[in-house]
There are 2 protein chains.
Amino acid sequence: MAFKSIQPARRRLADEVYEELIEAIIRRDIGPDDSLVQEKLAAEMQISRTPVREALMRLENEGVLEVSKRGSFRLYQMGDEEVKELYQSRAAVEGQCARILAVNHTPEDIAYLRGVVEREENVTDHSVRGYFEANRNIHMSFVERANNRFLMDMFNMIWGKALVFPLFATIENVELEKSLGDHMQLVDVIASGDKTEALEVFTDHIQDGFNLQIAGLHAS
Amino acid sequence: MAFKSIQPARRRLADEVYEELIEAIIRRDIGPDDSLVQEKLAAEMQISRTPVREALMRLENEGVLEVSKRGSFRLYQMGDEEVKELYQSRAAVEGQCARILAVNHTPEDIAYLRGVVEREENVTDHSVRGYFEANRNIHMSFVERANNRFLMDMFNMIWGKALVFPLFATIENVELEKSLGDHMQLVDVIASGDKTEALEVFTDHIQDGFNLQIAGLHAS
DNA sequence: GTTATGTATACTGTATACAGTATGCAAATA
DNA sequence: TATTTGCATACTGTATACAGTATACATAAC
């Protein structure tokens, strides 16, 4: 019987709150000037402070929130320098995945990745959110196939922070479209089996994303 | 006035508990068969369950603890496959730091790193714990100089998990001594300025550590 | 002997009350 | 005007009580 593994862990109220907060941040319901107060959130959600508190602290731990003057929480604001560092860490994680995959991939991996890129690059949702998701899905699929749970954790941490800024997603649609059409080369270089080249191609791709990002930020 | 920055953040009881638990794990006071129960720990420490609960959940989030059958917490047990993945993620983080430093370092960086390696490789504390700390200090100093807070976070996450197994530290002392005498080459390759070579040398160094680790585990 | 069923136990999750602390503002002093 | 002092306010951190849920074990049924 494998039913139990479908329900992996106990669902706590704090998880609910955590996800609702992230959703609210993505929807821009929560802005940089809002202060998140345990009591108010608890009242709004009709629950007690305890799970709210837990969710807020988790988000703080992940670097999404920070404590503001009065002790309450607010969105963490990233500066240009930090954005650079975040992209560097992306390159570390995804570059290593590329190296792993270059050395160690099956034909099925390549076919799967080609499928993902093809599907996601032709996404019909042309919103900023849509592009963000498509881009993330593509990059995530490489990490998935590298089959390393720690690299996957790190990937999620990084992209989680990206929600906040709003990073990886501020650029105008036209540029997003351009940057989204460039992923098949990533599969190709993995298929070539050259791990050093794979790392360079991935690093350059992510660097391009960074440049677009910075340009987009300074345009607005 | 710069007094305020000395006291960086509010100190919570949960932080205390968190650190005490980690200390206890390192001292092997908490073994793989112990089950950590909120109420019992709270009673022992003469505090309420709330901060204990918070600390336990943080450790679970970091992958140090896992929930056991009855709902309580216990040490997370890593398998060989996971150890391999952990080392791969180490290579991702520290390898990227090496690339950053190779391209972008000052003479002061090199001098500083040489100093650290020299000092730590001649550590007088010959206990397993002593070697572990020396090794970590050396590796941490590279990450510090790479000056990227996200890579630093990841480094701490990885080495935090290492406490548990007891990873990076199970090997017999004689082997530790051998592996500890090999760090100056890491500084040299950074000083050379070749980022591709730097990555390879760091990756190989970490791979060596992995091989020692696995050998040590299977010997015991 | 194996499978089902009930019950005790061992824990957690959530709500809530209370105490404490940092901030901001307003009044008082120099 | 500039600085100190005091007080109200806005929050959190911690303790505790209560309810709920999954496990384990014993007993019953087949």
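Chain letters run A, B, ... following the sequence lines, proteins first and then strands; every chain starts at 1. Values reported hereafter were calculated over all heavy atoms of this structure, with side chains retained and with hydrogens, waters and symmetry mates removed.
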Rounded to whole Å, the CG-P distance (A:D34 to D:dC11) equals 12 Å

Separation of D:dT12 atom P from A:L65 atom CG, nearest Å, is 12 Å

Rounded to the nearest 0.5 Å, the CG atom of A:L101 sits from the CG atom of A:N147 at a distance of 9.0 Å

Picking from C:dT12, D:dG13, D:dA15, the nucleotide nearest the side-chain atoms of A:R53 would be D:dG13

**Request:** Check whether any side-chain heavy atom of B:E94 lies under 4.5 Å from a side-chain heavy atom of B:H205, and answer yes or no.
**Result:** no

task = Would you please classify the geometry between the B:W159 ring and the B:F132 ring as parallel, tilted or perpendicular, with 30° and 60° separating the classes?
result = tilted

Whole-Å distance, A:R58 CZ to C:dG13 C1', equals 14 Å

Note to self: Please determine whether a side-chain nitrogen or oxygen atom of A:S48 lies at a distance below 4.0 Å from atom OP1 or OP2 of C:dA15.
What the structure shows: yes

message: Does this structure show an ion pair linking B:D34 with B:R28, if we count only N-O contacts that are shorter than 4.0 Å?
response: no

Separation of C:dT12 atom C1' from A:L13 atom CG, nearest Å, is 13 Å

Listing for DNA chain C: consecutive Watson-Crick or G-U pair runs of at least 3, distance cutoff 3.5 Å, ranges ordered by first number, gives C:1-30 with D:1-30

Separation of C:dA15 atom C1' from A:Q46 atom CD, nearest Å, is 14 Å

Rounded to the nearest 0.5 angstrom, the CG-CZ distance for A:D33 and A:R74 is 7.5 Å

Atom CD of B:E39 and atom P of D:dC18 are separated, to the nearest Å, by 14 Å

Rounded to whole Å, the CG-P distance (B:L36 to C:dC11) equals 11 Å

- Is there side-chain contact between A:M140 and A:N137, with at least one heavy-atom pair below 4.5 Å? yes

Contacts of A:Q38 and B:T50 projected onto DNA chain D by closest heavy atom; the upstream (5') one is A:Q38

Of the listed D:dT12, C:dA15, C:dC11, the closest approach to the A:R49 side chain comes from D:dT12

Closest to the side chain of B:R12, out of D:dT12, C:dC11, D:dG13, is D:dG13

CG (A:D15) and CD (A:E54) are apart, to the nearest 0.5 Å, by 7.5 Å

note: A:L41, atom CG; C:dT14, atom P; distance rounded to Å ~ 16 Å

